Protein chains: 2
Amino acid sequence: MMKRNTWQREAVREALDTTEGFISAQALHSALHASGSPIGLATVYRALGDLASSGEADSLQSPDGEALYRACSTAGHHHHLICRNCGLTVEIEATEVEAWAKGIAAEHGFTEAAHVVDVFGLCADCTRPAATTESPDRAG
Amino acid sequence: MMKRNTWQREAVREALDTTEGFISAQALHSALHASGSPIGLATVYRALGDLASSGEADSLQSPDGEALYRACSTAGHHHHLICRNCGLTVEIEATEVEAWAKGIAAEHGFTEAAHVVDVFGLCADCTRPAATTESPDRAG
DNA sequence: GATGGTTTTGACAATCATTATCAATAACAC
DNA sequence: GTGTTATTGATAATGATTGTCAAAACCATC
Ligand SMILES: [Zn+2]
Ligand SMILES: [Zn+2]
Ligand SMILES: [Zn+2]
Ligand SMILES: [Zn+2]
């Protein structure tokens with residue numbers, strides 16, 4: 001079962017690359033359609049799933065259970081600092097946490113420890129006194 | 001709009017208390033029904049939502065986007081070490097992680113930082129060579 | 001360039017968790 | 001007890017994700 005290259009997969013990869021922050025499969029599909037692509041929704045789901053499992057994309061569950069994806073720039077294992085207002089995402093290393101997680105697991109007799117570590121907050125821009133009434137757009 | 005006490009809410013709280021590890025709204029509803037309670041599904045969802053937002057219960061999103069709940073024994077903010085096989089959960093404090101999260105956020109100009117930090121693994125019991133063919137039950 | 005076995009696609013149906021409805025019911029202050 | 005009002009629950013609605021499967025696209029080979 002050899003993988004084949006299709007413009008659809010390439011389109012998804014590219015769309016994801018040009019997207020700032022995390023985006024849902026639905027949103028990415030809309031974006032592609034908006035830019036004229038006739039790609040199907042199911043295909044976007046499949047492509048994103050593949051990218052995620054091959055490590056080319058990061059994925060996480062939004063608080064309301066939606067799966068979000070993001071082009072992954074750092075090769076190895078890493079985590080994210082995400083602006084909950086504009087979606088801006090920073091890839092971060094968490095050496096301390098890696099060690100801590102491993103330690104706490106061992107300490108309790110757990111093996112094969114994996115972990116979920118994400119930090120959400122307001123980026124510098126979004127922090128500027130919301131007093132200015134205007135707030136940055138949410139998800140492009 | 002004053003909150004009222006109903007046997008339904010109490011039932012949910014109790015069911016959650018007697019449950020080891022995290023459980024979904026659907027599963028908790030089934031469990032209640034199984035034990036003879038005629039409580040409605042929507043009510044279970046509402047009760048769990050309330051418990052979670054009042055801090056009496058912890059909640060997290062399972063990898064497949066399901067919301068899971070657990071009676072919270074520790075009052076303050078804390079994290080979890082969860083057995084991905086049997087659901088056994090250990091509440092853990094992580095002073096280091098708190099500091100790290102706060103630091104990394106500030107370092108990047110982020111404010112109002114919150115974080116999601118959970119460790120998944122196999123507990124000591126579940127680690128015993130799966131060679132014994134038999135494995136502990138999943139979710140009660 | 002044509003051919004053929006396979007993989008991939010996509011329109012649409014099917015799932016499945018969660019939320020919205022809204023009339024009937026139960027809490028509780030008086 | 002009575003009235004006001006929050007709560008319940010059967011059911012419909014929503015919305016994301018997955019399954020289906022014939023048609024289309026890939027690509028190694030002729
Ligand atoms: Zn922002
Ligand atoms: Zn890590
Ligand atoms: Zn276990
Ligand atoms: Zn914490």
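Every chain is numbered from 1, with letters handed out A, B, ... down the list of sequences. All of these numbers come straight from a predicted model, not from anything done at the bench.
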*Asks:* Counting the atoms with a prime plus P, OP1 and OP2 as sugar-phosphate, which does B:N5 contact under 4.0 Å by heavy atoms, base, sugar-phosphate, or nothing?
*Replies:*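 Counting heavy atoms under 4.0 Å across all strands, the contact made by B:N5 is with sugar-phosphate only.
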
*Asks:* Please report whether the ring centroid of B:F120 lies less than 6.0 Å from that of B:H80.
*Replies:*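 Ring-ring flag for B:H80/B:F120: false, centres at least 6.0 Å apart.
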
*Asks:* For a quick test of reading the model: is some side-chain N or O of B:T6 closer than 4.0 Å to OP1 or OP2 of D:dA6?
*Replies:*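 So the side chain of B:T6 is outside the cut-off, no N or O lying under 4.0 Å from OP1 or OP2 of D:dA6.
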
*Asks:* Starting at CD1 of A:I39 and ending at P of D:dA24, how long is that distance when rounded to a whole Å?
*Replies:*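 Interatomic distance, CD1 of A:I39 to P of D:dA24: 18 Å.
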
*Asks:* Rounded to the nearest angstrom, tell me the gap between atom CD1 in B:I23 and atom C1' in C:dT18.
*Replies:*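 Atom CD1 in B:I23 sits about 17 Å away from atom C1' in C:dT18.
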
*Asks:* Rounded to the nearest Å, what distance is computed from the CG atom of residue B:L68 to the C1' atom of nucleotide C:dC16?
*Replies:*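 In whole Å, C:dC16 C1' lies 15 Å from B:L68 CG.
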
*Asks:* Given D:dT4, C:dT6, C:dG10, which nucleotide is nearest the side-chain atoms of A:T43?
*Replies:*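 Among the listed nucleotides, the one closest to the side chain of A:T43 is C:dG10.
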
*Asks:* Could you check how far NZ of B:K3 sits from C1' of C:dA27, rounded to whole Å?
*Replies:*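 Taking NZ of B:K3 and C1' of C:dA27, I get 14 Å after rounding.
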
*Asks:* Spell out, as yes or no, whether a donor-acceptor pair under 3.5 Å connects the side chain of B:S59 to the backbone of B:Y69.
*Replies:*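 Such a contact is absent between B:S59 side chain and B:Y69 backbone.
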
*Asks:* Rounded to the Å, how far apart are A:H29 NE2 and C:dA11 C1'?
*Replies:*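 So the NE2-C1' distance, A:H29 to C:dA11, works out to 11 Å.
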
*Asks:* Given the side-chain rings of A:H115 and A:H77, with only the six-membered ring counted for Trp, is the space between their centroids under 6.0 Å?
*Replies:*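 They qualify: ring centres under 6.0 Å apart.
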
*Asks:* Please report, rounded to the nearest Å, how far the P atom of D:dC26 is from the CD atom of A:E10.
*Replies:*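 Going from A:E10 (CD) to D:dC26 (P), I get 12 Å.
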
*Asks:* Under 3.5 Å, side-chain donor or acceptor atoms of residues 39-49 of chain A against the rest of the protein: list the pairs with distances, not counting sequence neighbours.
*Replies:*
from, atom 1, to, atom 2, distance (Å)
A:Y45, OH, A:Q26, NE2, 3.0

*Asks:* Do A:R46 and D:dG19 have a side chain to base donor-acceptor pair shorter than 3.5 Å?
*Replies:*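 A donor-acceptor contact between them is absent.
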
*Asks:* Measure the distance from CG on A:L41 to P on D:dG15 and round it to the nearest whole Å.
*Replies:*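 Rounding to the nearest Å, CG of A:L41 and P of D:dG15 are 14 Å apart.
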
*Asks:* Rounded to the Å, how far apart are A:Y45 OH and C:dT15 C1'?
*Replies:*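 Rounding to the nearest Å, OH of A:Y45 and C1' of C:dT15 are 13 Å apart.
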
*Asks:* Which atom pair, heavy atoms only, marks the closest approach of B:I82 to A:F110?
*Replies:*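 Heavy atoms only, the tightest pair is C-CE2, 3.6 Å.
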
*Asks:* Counting heavy atoms from C-beta on, name the nucleotide in C:dA27, D:dA25, C:dT18 closest to the side chain of A:R4.
*Replies:*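 Nearest to the side chain of A:R4 among the choices is D:dA25.
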
*Asks:* Heavy-atom nearest nucleotide on DNA chain C for B:S24 versus A:Q8: which residue maps closer to 5'?
*Replies:*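 Its nearest nucleotide lies further toward 5', so the answer is A:Q8.
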
*Asks:* Map B:R9 and B:A42 onto DNA chain D by nearest heavy atom, then report which one ends up closer to the 5' terminus.
*Replies:*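 Closest to the 5' end, via its nearest nucleotide, is B:R9.
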
*Asks:* Hey, does A:E66 reach any base, or is it just sugar-phosphate, or nothing, if we go heavy atoms under 4.0 Å?
*Replies:*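 Sugar-phosphate contact only - A:E66 comes under 4.0 Å of backbone atoms but never of a base.
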
